[in-house]
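See structure below.
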Amino acid sequence: MVRTRFAPSPTGYLHIGSVRTALFNWLFARHHGGQFILRIDDTDRQRNVAEALAPILSGFRWLGLDWDEGAEIGGPHGPYYQSERLDRYQAAAAALLDRGLAYWDYATEDELRAERQEAEQAKRPYRNSRRWMAETPDDRKRFEAEGRTYVVRLKMPREGRCVFDDHVRGRVEVAWTEEQDHVVQRADGTVLYNLANIVDDEDMRISHVIRAAEHLSNTPRQIFMLEGLGYRRPEYAHVPFVAETGSKNKLSKRRIGEYLKNPEFRKLYQHGEAIAQAAKLEVAAETFNPVIVDFYQQVGYLPDAIVNYLLLLGWSLDDKTEFFSREEMIRAFSLERVGKAPASFDPKKLSAFEDHYMRVEPLDRKVEMAMTFLDRAGLTADRARVRQVIEAAGDRIKVAGDILDYAGFFVPDDALAFDEAAFDKRLRTPPEAKALLQKFQAALNALDPYTAPAVEQRLQEFVQAEGIGHNQIIHALRVAVTGKAVGFGLFESLAILGKSQCSARIDRALSRA
RNA sequence: GUCCCGUUCGUCUAGCCCGGUCCAGGACACGGCCCUUUCAAGGCUGUAACACGGGUUCGAAUCCCGUACGGGACGCCA
């Protein structure tokens, strides 16, 4: 039975690279008809775990990555919060001591530092001297008589090699001499990640550990412990980290200032920022960041686009296929086709996926998404009109928040904002503009029905009768009724607004000019 | 410093394990033309890469060695 897991720390945000790892775990489990477990790597010391966890769980739900056991839903192998599992870890630490695989270390930090420095100066690799190692009650008494406190350290092998197979990297061999006597339990009894991790994986019957490559070096010490404790050895797959745009550095949320110097990254960010402003979103600087999944959720990206993009971040099926439905990706996914090199986060590519998915998104769903953005922006929008605008805008709406580019269709006529530069250029500057517009307004007002084709026909007749070019009327008309220099089809725009609104807006523009 | 890893068009990548079908395929981006009331979109079309140096071989993106560059891990963090 395949069982995979993802174990986020409750940090308050979901990093795009983490989601990619989670997605691979999810896909692998689903591909094999197994289970995906969402375990929470919190610690005793953390406060407000629920609060910090909420955005993470919300991100998972939004992306459609459902879990079979874990946070909020429980399951037969819980508890799924590390903070509630301390007794299990302590029992494991005790067992390691019992079996001679770990020892009580009474060294002070100063003593250890001195040893490290000494090794460094002698240019030889540091290795714990085990001078303050206690393995018997007598040893312990002696050290404790000196007022020392202890931590529990692994008594790592000092010869031979650790060998394991990795679904991504192939066979991995590490000399045990490369390994330190790692601490597994602190003086206060709490345990460290590596121990907690193997205990959890054992208890939760995890069959495949799919995690970021930075954990590769944790693997030998984990294998040492789990074999000593008689646990099953899971299969491993270490997937490369997600790199920055155009570099090989690990993508980090803190370096956003740096990333904004990249034109493509900045474009992605500013687009989102404009939407957030128009929609009056209260965004936290902490999470309003294209490195964090929240960002996409907030400005109205489609989860399918994000997931499809993330899938190709380090995985590919062949040399052609790019688009995968959930079913297709579940069927096609395999660890063997995960690449070994870091994959760079590419904002352009992500936008391209978003474009594609938005294009095939059913109209009703787009209307639904757009409504929430209009709502937040404080615009009272009629559903039928939203639908018309979305239809007319077509693929100009790349993310749901883009509906706010067409806010002009949802404001009262006397509140329409004009693009001043366009207004000057099209209405104030050309000497004949006002007269033509006024004349055409009269022609439009006589029109019935007021449909896009009818408006277009009337315009053709008008330019012929007047002996003018299209350009002499079209631009002025667009600015007058939409306030903007650009937009979707002018005739559709007029038809959507209707005769009375168009006429009122033209009146207002004329008096203003 | 020690150990491990990576390097294919501007970008993301396929191909590498099992050498010839690769004068390297796809996508995105970019250029040109067409279409066009603006902005998009669409159609056609084009530019563009095996990090470098040796070796093995009839033949190397693919195998071996070295160099350069980049990265990751080296915690009483997770």
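These values consider heavy atoms only, across backbone and side chains, with no hydrogens, waters or symmetry-generated copies. Note on naming: letters A, B, ... go to the chains in the order of the sequence lines (proteins, then strands), and numbering restarts at 1 for each one.
- Between H215(A) and Y193(A), the distance from one ring center to the other falls under 6.0 angstrom.
- Between the CG atom of L477(A) and the P atom of rU38(B) there is a distance of 14 Å, given to the nearest Å.
- In this structure, L312(A) places its CG atom 18 Å from P of rU11(B), rounding to the nearest Å.
- When the P atom is used for both rG59(B) and rG75(B), the distance is 49 Å, rounded to whole Å.
- Nucleotide rC17(B) has no partner under the Watson-Crick or G-U criteria, as no pair reaches both atom distances under 3.5 Å.
- For rU37(B), the OP1/OP2 oxygens have no side-chain nitrogen or oxygen of N471(A) closer than 4.0 Å.
- Counting only heavy atoms from C-beta on, V486(A) has its side chain closest to rC39(B) among rC39(B), rG71(B), rU37(B).
- Looking only at atom types and distance, the side chain of E144(A) has a donor-acceptor partner in the side chain of Y106(A) under 3.5 Å away.
- Using atom P as the reference point in both rU38(B) and rC34(B), the two lie 14 Å apart (nearest Å).
- Contacts of G170(A) with the nucleic acid, taken as non-hydrogen atoms under 4.0 Å apart, are absent.
- Comparing the C1' positions of rC30(B) and rA49(B) gives an interatomic distance of 16 Å, to the nearest angstrom.
- Separation of the Y236(A) and H167(A) ring centroids does not fall under the 6.0 Å cut-off.
- For NZ of K439(A), the number of neighbouring non-hydrogen atoms (other residues, nucleotides, ligands) closer than 6.0 Å is 12 at most.
- Defined by atom type and a distance below 3.5 Å, a donor-acceptor pair is present between the side-chain atoms of S83(A) and D42(A).
- In this structure, R169(A) places its CZ atom 17 Å from P of rC3(B), rounding to the nearest Å.
- Distances shorter than 4.0 Å separate some side-chain N or O of R359(A) from OP1 or OP2 on rG42(B).
- As judged by a 4.0 angstrom heavy-atom cut-off over every strand, K250(A) is placed among residues touching the sugar-phosphate backbone only.
- Nearest nucleotide to the side chain of L490(A), out of rA40(B), rA78(B), rU37(B): rU37(B).
- Taking every side-chain heavy atom of E322(A) into account, rG26(B) is the closest of rG26(B), rU38(B), rG6(B).
- Note: Y150(A) and Y103(A) fail the aromatic proximity criterion, with ring centroids not under 6.0 Å apart.
- Distances from the side chain of K349(A) to the nucleotides rA78(B), rC12(B), rU38(B) place rC12(B) closest.
- For CZ of R88(A), the number of neighbouring non-hydrogen atoms (other residues, nucleotides, ligands) closer than 6.0 Å is 12 at most.
- Summarising the base pairing, rC3(B) is matched to rG72(B) through a Watson-Crick or G-U wobble pair whose two defining distances lie under 3.5 Å.
- Here the two rings, on W315(A) and F333(A), have centers that are under 6.0 Å apart.
- Within the nucleic acid shown, F241(A) comes within 4.0 Å of sugar-phosphate atoms alone, with no base atom in reach, counting heavy atoms only.
- Side-chain N/O atoms of S316(A) include one lying less than 4.0 angstrom from OP1 or OP2 on rA14(B).
- Rounded to whole Å, the separation between the P atoms of rG42(B) and rA24(B) comes to 27 Å.
- In this structure, of rG6(B), rA29(B), rU38(B), it is rA29(B) that holds the atom nearest to the side chain of K348(A).
- Following rounding to the nearest Å, E179(A) (CD) and rC4(B) (P) show an atom-to-atom distance of 13 Å.
- Atom CG of N262(A) is separated from atom P of rA29(B) by 15 Å (rounded to the nearest Å).
- Classification of R127(A) and E178(A) as a salt-bridged pair fails, no side-chain N sitting under 4.0 Å from a carboxylate O.
- Listed nucleotides rG71(B), rU37(B), rA41(B) differ in distance to N249(A); the shortest reach to its side chain belongs to rG71(B).
- Between E214(A) atom CD and rG6(B) atom P the separation is 16 Å, expressed in whole Å.
- Using N1 to N3 plus N6-O4 or O6-N4 for Watson-Crick, or N1-O2 and O6-N3 for G-U wobble, each under 3.5 Å, rC22(B) pairs with nothing.
- Counting any heavy atom pair closer than 4.0 Å across all strands shown, H182(A) reaches no nucleic acid atom.
- Between rC50(B) and rA61(B), the two C1' atoms lie 4 Å apart (nearest whole Å).
- Residue R186(A) has a polar side-chain atom (N or O) positioned under 4.0 Å from OP1 or OP2 of rC77(B).
- Residue order along RNA chain B, read from the 5' end via each residue's closest nucleotide, puts A343(A) first among Y406(A) and A343(A).
- Proximity of K340(A) to the phosphate of rC16(B): no side-chain N or O atom is located under 4.0 Å from OP1 or OP2.
- Around the CD atom of E120(A), the shell of radius 6.0 Å holds no more than 12 heavy atoms that belong to other residues, nucleotides or ligands.
- A 3.5 Å limit on both hydrogen-bonding distances identifies rC34(B) as the Watson-Crick or G-U partner of rG42(B).
- The base-pairing partner of rC63(B), taking Watson-Crick or G-U wobble contacts with both distances under 3.5 Å, is rG55(B).
- Which of rA41(B), rU37(B), rA27(B) sits closest to the side chain of H475(A) comes down to rU37(B).
- Computed from coordinates, the F324(A) CZ to rG26(B) P distance equals 17 Å when rounded to whole Å.
- Close to rG15(B), at under 4.0 Å from its OP1 or OP2, lies a side-chain N or O of R337(A).
- The side chain of V183(A) sits closest to rC76(B) out of rA78(B), rU13(B), rC76(B).
- When heavy atoms are screened at a 4.0 angstrom cut-off, N218(A) is found touching base atoms of the nucleic acid.
- Distance check on atom P: rG46(B) versus rG25(B) gives 13 Å, rounded to whole Å.
- The separation of rU36(B) from rA41(B), taken at their C1' atoms, amounts to 11 Å, rounded to a whole angstrom.
- Contacts of G487(A) with the nucleic acid, taken as non-hydrogen atoms under 4.0 Å apart, include base atoms.
- Comparing E109(A) and L313(A), the nucleotide of RNA chain B nearest to each residue sits closer to the 5' end for L313(A).
- F488(A) comes within 4.0 angstrom of a base, heavy atoms only.
- With C1' as the reference atom, rC3(B) and rA60(B) are 30 Å apart, rounded to whole Å.
- Residue contacts for A352(A): at a heavy-atom cut-off of 4.0 Å it reaches the sugar-phosphate backbone alone, with no base atom in range.
- Within the shown strands, rA27(B) is the pairing partner of rU11(B) under the Watson-Crick or G-U definition, both distances less than 3.5 Å.
- The CD-P distance, from E336(A) to rC16(B), rounds to 14 Å in whole Å.
- Among rA40(B), rC12(B), rU37(B), the nucleotide with an atom closest to any side-chain atom of D395(A) is rA40(B).
- A donor and an acceptor atom never sit less than 3.5 Å apart when one is taken from the side chain of K320(A) and the other from the base of rA27(B).
- The side chain of D319(A) approaches rA14(B) more closely than any other nucleotide in the set rA14(B), rA78(B), rU37(B).
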